[in-house]
Amino acid sequence: MSPTPGLSTNICVGGTAAGVLVGRLAATAPSLRILLLESGPPTQDNPLHKQPSQFIKHLAPSTSTVRFHVTQQSDAVGGRPLILPTGQCLGGGSSINFMMYTRASRSDFDDWETEYGNTGWGSNDLIPLLKKTETYQAGPVGSTHGTTGPLKVSYGGLYTNVGKDFLKVAKEYDTARQTSEDADVNDMDTVNVYGRWQKWIDRDTGTRSDVPHHFLYPQASNKNLTVITAARVRRVVLDGENRATGVEFTWNRTILPDADHDVQQVKATRLVIVSAGTFGSPGILERSGIGRADVLERIGVKQLVDLPGVGEHYQDHNLLFVPYAAAEEAETLDGIAQGNEEFTTQASEEWAKTGKGIMAHSSLDAGMKMRPLPDELEGLGEQFRTRWDSYFAAKPDKPVLWTGILSMCGLPLSTVPPGKYFSMGYFNAYPAALGFLHATDANDPAAPVDIQTGFLQDMADVRSLMWGYKHTRELARRMPLFRGEPAAFHPPFSKDSAARLYEVTDGPIRSEHAIAYTEEDDRVLEAYTRALVMTSGHGLGTCSMRPREQGGVVDSSLNVYNVHGLKIADLSICPSNVGANTYSTALVVGEKAAVIVAVELGIAGV
Ligand SMILES: Cc1cc2nc3c(=O)[nH]c(=O)nc-3n(C[C@H](O)[C@H](O)[C@H](O)COP(=O)(O)OP(=O)(O)OC[C@H]3O[C@@H](n4cnc5c(N)ncnc54)[C@H](O)[C@@H]3O)c2cc1C
C-alpha cells in the first residue's frame, strides 16, 4: 500500500455502489487512473465474507467491518436511541449484509423520474442495468432478470424445513392471497403472493455475491486501479471556483494501529466521486463546506456552498423480528449464530466440499410483499387510511409491509437463550416519517453522527407494524415446527386476554379463527412495537437527487449543485424510498453512475 498517493484522474470513496462503478470503469478503460479509498479493512478470500451464514458475525460488538451509529433518543421508540449498523469494509454493505435479494417496485424508479424530474432514472432505463449486474439462477428467467452479470442470484444451498412449513401454512391459512413455490416474488411487480425468497448467493459455489470479489479483486493486475483501505476521507478539497481538486484523508488507526496521524492529500485531475453511503457522504460534504448554514456554523466549518438539503430526507425501513421457539428438528442457523463450534465446523466442511448446506444460506427462505385486503384495510384504522389514500392506493405494485420468516433467532445474540428458533420479520416498506443526519465535527470522519431517524413519529407507521405482528403471529402459531412464544420476545398481553401468549407448547395451535385483540391488547402491542422497532440497515436519501429548491443535493447526472467535478454515487442520492431491501438499488446506482461517468469521460462500452 502506498501511504501517500499522488495524482489521480478520478478518486472514488466507498463501498457497494463505488465498487460497481469503479469495477466497470476500470475494466472498460484500463488506462484510466482511478483511486478508490475505503475507511474499513479489505475482505479478499476471508471466509467471514464468503460464507453466507457468517453474516451474523459482522454484527458482534467487536466487529471491525461494521460501524454502529447511535441516534438521538426518541419517545416514539420508547425513549431509546437506536443503533444503526452500516458496512465498513471494502465492499461496504455488500460484504456484510444478509444477502436477501429484494428489488424495488417498478413504480419506485418511475417516481424518481416523474415526481423528481430525474430523466433517465425511470424503470425502463434502470431495469436493463439491474439485469446487467446479475446472473439469475433461481428458476425461469423472467423479463426483468439477467443471465450474464457477475453477481449470482439463487435460493442458496438449502431449502429449510422452516421455509417449507411457512409456505404450507400460508397456503392453508391465508386463502385470500396466493402462495406458490414457483412464484417470482421479485419480478418488480408482484405483491400479495407468498413465495420462496431469492438470495445474493452463488448456487454452484455457495458463496456470497458481494461487490469486491466480483468487480474489484479480479482486477488486481490493473496498474491504473489503486485501492487503499483503512483510509478515512475527511473532506473534498475545493479551489476558489468551487472545483473539486482532490481529497484529504487520515488513516483508520483501529485497523492500522502503527499508522501516523498526518493528514494525507491526494489530487484528482478530472473527478471526485463520493460514495461513502447514506451515513458517510453527507458528513464528507459538510466537512468540505457544502451544506446547511446552521449545521456548518455549529461545527465550525466555513460555508463554501449553500446546500440546505445535505443530510436531510433520511429514510429507512422500520423493522421487527419476532422470535418463536422451534422444534428440535427445525433447520436453523442458530448453531452458527450461537457459536456452536461442532455445528459450525460440520457446516463449513459440507460447504467446502459441495457449496451447499446451512453454511450456504442466509436464513430467509420465504416471504411476501404485502398489501392489505379490503377487510384488513378497515382494521388498520383511520390514521393508516389517510396514508393509504394519499400514497398506496393508486400504486398497486407498492407493498405496505415486507413480511417473511428467518430460520434463526433474529435478535442480538446476547439476549437469546440457547435453542432453536424461527423469527417472523416485517418492515414498513415506505414509512411516512423521515429523519436527518449531520456531521458533529469539522475534521474527524470517525466522530459520532447526529441522527434522528423519524421512526414511528407517524401513527400510520405504527398501525402497519402492529398489523405485521398480528398477521405473522397467526402463521407462526399454525406451523408444525412452532413450540411457543417466549415471553421475553413478545408483548406482555394479559393472561385473561384471547391474545395471551402460549409460552411453551409441544406443537402448533390449531385454532380456526384469528385472535381478536381488545383495545387494551392494542395498547400493549403498540408499546411493544415502539420499544423493539429497529433499523433494517436500509438508510437512504441524505444527498437526494431532486431539484435544489426541493432540498436536492445532486442533479440527475449526480453532480453536486454549484460544485464542479464532484459527484455522489450511493444510496444517499435516492429521492424517495424503495419498497425493498436496498442492496439491489445500491448496485443499480453504481451501474447508472458508471454509465454517466463513462459518457462524460468519453469511454465507450460501459
Ligand atoms: C446489517 C445489514 C444487513 C443488510 N441486509 C441486506 C439484505 O439482506 N439485502 C439487501 O438488499 N440489503 C441489505 N442491506 C442493505 C445494503 O447492503 C446497503 O443498503 C447497501 O450495501 C448500501 O450501499 P452504498 O453503496 O450506498 O453504501 P455502503 O455499501 O454502505 O458503502 C459506503 C462505504 O463507504 C465507506 N465510508 C464511509 N465514510 C467514509 C469515509 N469518510 N472515508 C472513506 N470511506 C468511507 C464505508 O466504510 C462503506 O464501506 C443490509 C445492510 C446492513 C447494514
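Start at 1 and go down the list; that is how both ligands and their atoms are numbered. Not measured: the values here are computed from a predicted model.
Of the candidates Lys50, Gln51, His58, Gln51 is the only one forming a side chain to side chain donor-acceptor pair (under 3.5 Å) with Gln54.
Of all protein heavy atoms, the one closest to atom 39 (C) of ligand 1 is Ala276 CB, 3.8 Å. The protein non-hydrogen atom at the shortest distance from atom 41 (N) of ligand 1 is Val233 O, 2.9 Å. Closest protein heavy atom to atom 26 (O) of ligand 1: Leu571 N, 3.0 Å. The protein atom (non-hydrogen) at minimum distance from atom 45 (C) of ligand 1 is Ser39 OG, 3.5 Å. Protein heavy atom nearest atom 19 (O) of ligand 1, with residue, atom name and distance: Thr582 OG1, 2.7 Å. At the top of the distance list for atom 47 (O) of ligand 1, counting protein heavy atoms only, stands Glu38 OE2, 2.6 Å. Here the protein heavy atom with the shortest distance to atom 13 (C) of ligand 1 is Asn97 CB, 3.7 Å. Ranking protein heavy atoms by distance to atom 9 (N) of ligand 1, first place goes to Met100 O, 2.9 Å.
Contacts between Cys89 and ligand 1 below 4.0 angstrom, taking non-hydrogen atoms only, involve the backbone exclusively. When non-hydrogen atoms are compared, ligand 1 lies under 4.0 Å from neither the backbone nor the side chain of Ser362. By the criterion of a heavy-atom distance under 4.0 Å, the side chain of Ile284, and not its backbone, is placed next to ligand 1.
Interface of Ala17 with ligand 1, defined as ligand atoms under 4.0 Å from a residue heavy atom, comprises 25 (O). The contact set between ligand 1 and Gly93, taken as ligand atoms under 4.0 Å from a residue heavy atom, comprises 17 (O), 21 (O), 28 (P), 29 (O), 30 (O). Taking every non-hydrogen atom of Ser94 and a distance limit under 4.0 Å, the qualifying atoms of ligand 1 come out as 21 (O). Near Pro85, with a cut-off below 4.0 Å to any heavy atom, the atoms of ligand 1 are 53 (C). Listed by number with element, the atoms of ligand 1 under 4.0 Å from a non-hydrogen atom of Arg232 are 42 (N). Ligand-side atoms of ligand 1 in range of Met99: 7 (C), 8 (O), range being under 4.0 angstrom from any heavy atom. Below 4.0 Å from some heavy atom of Ala231 lie the following atoms of ligand 1, by number and element: 42 (N), 43 (C).
Side-chain contact annotation: Asp365 with Thr160, donor-acceptor N/O pair under 3.5 Å present. The closest side-chain donor-acceptor pair between Asp397 and Ser107 falls under 3.5 angstrom. A side-chain donor from one of Asn443 and Arg235 sits under 3.5 Å from a side-chain acceptor of the other. Side chain to side chain, His145 and Glu134 meet the donor-acceptor criterion of an N or O pair below 3.5 Å. For the residue pair Thr207/Asp202, the side-chain donor-acceptor check at 3.5 Å is not satisfied. At a cut-off of 3.5 Å, with distance as the only test, a side-chain donor of His438 or Glu312 sits close to an acceptor on the other residue. Using modelled atom types, one finds no donor on one side chain facing an acceptor on the other under 3.5 Å when comparing His49 with Asp45. In summary, the side chains of Thr102 and Trp197 do present a donor paired with an acceptor at a separation below 3.5 Å, with no hydrogens or angles considered. A donor atom on one side chain and an acceptor atom on the other are not found under 3.5 Å apart for Ser154 and Lys199.
Polar contact with ligand 1: absent for Gln88 (N/O pair, distance under 3.5 Å). No N or O atom of Val13 sits closer than 3.5 Å to an N or O atom of ligand 1. For the pair Asp570 and ligand 1, the shortest N or O to N or O distance does not fall below 3.5 Å.
Looking at Lys592, its side chain does come within 3.5 Å of a backbone N or O of Gly120 through a donor-acceptor pair. Without hydrogens or angle criteria, Asn186 side chain to Arg103 main chain gives a donor-acceptor distance under 3.5 Å. Checked by atom type and distance alone, the side chain of Trp121 pairs as donor or acceptor with a backbone atom of Ser556 at under 3.5 Å.
With distances taken over non-hydrogen atoms, the option nearest atom 46 (C) of ligand 1 out of Gly87, Gly277, Ala580 is Gly87.
For the pair Thr102 and ligand 1, no heavy-atom separation below 4.0 Å is found.
Seen from the ring of Tyr155, Arg196 counts as a face-on cation partner, given the 6.0 Å and 45° thresholds.
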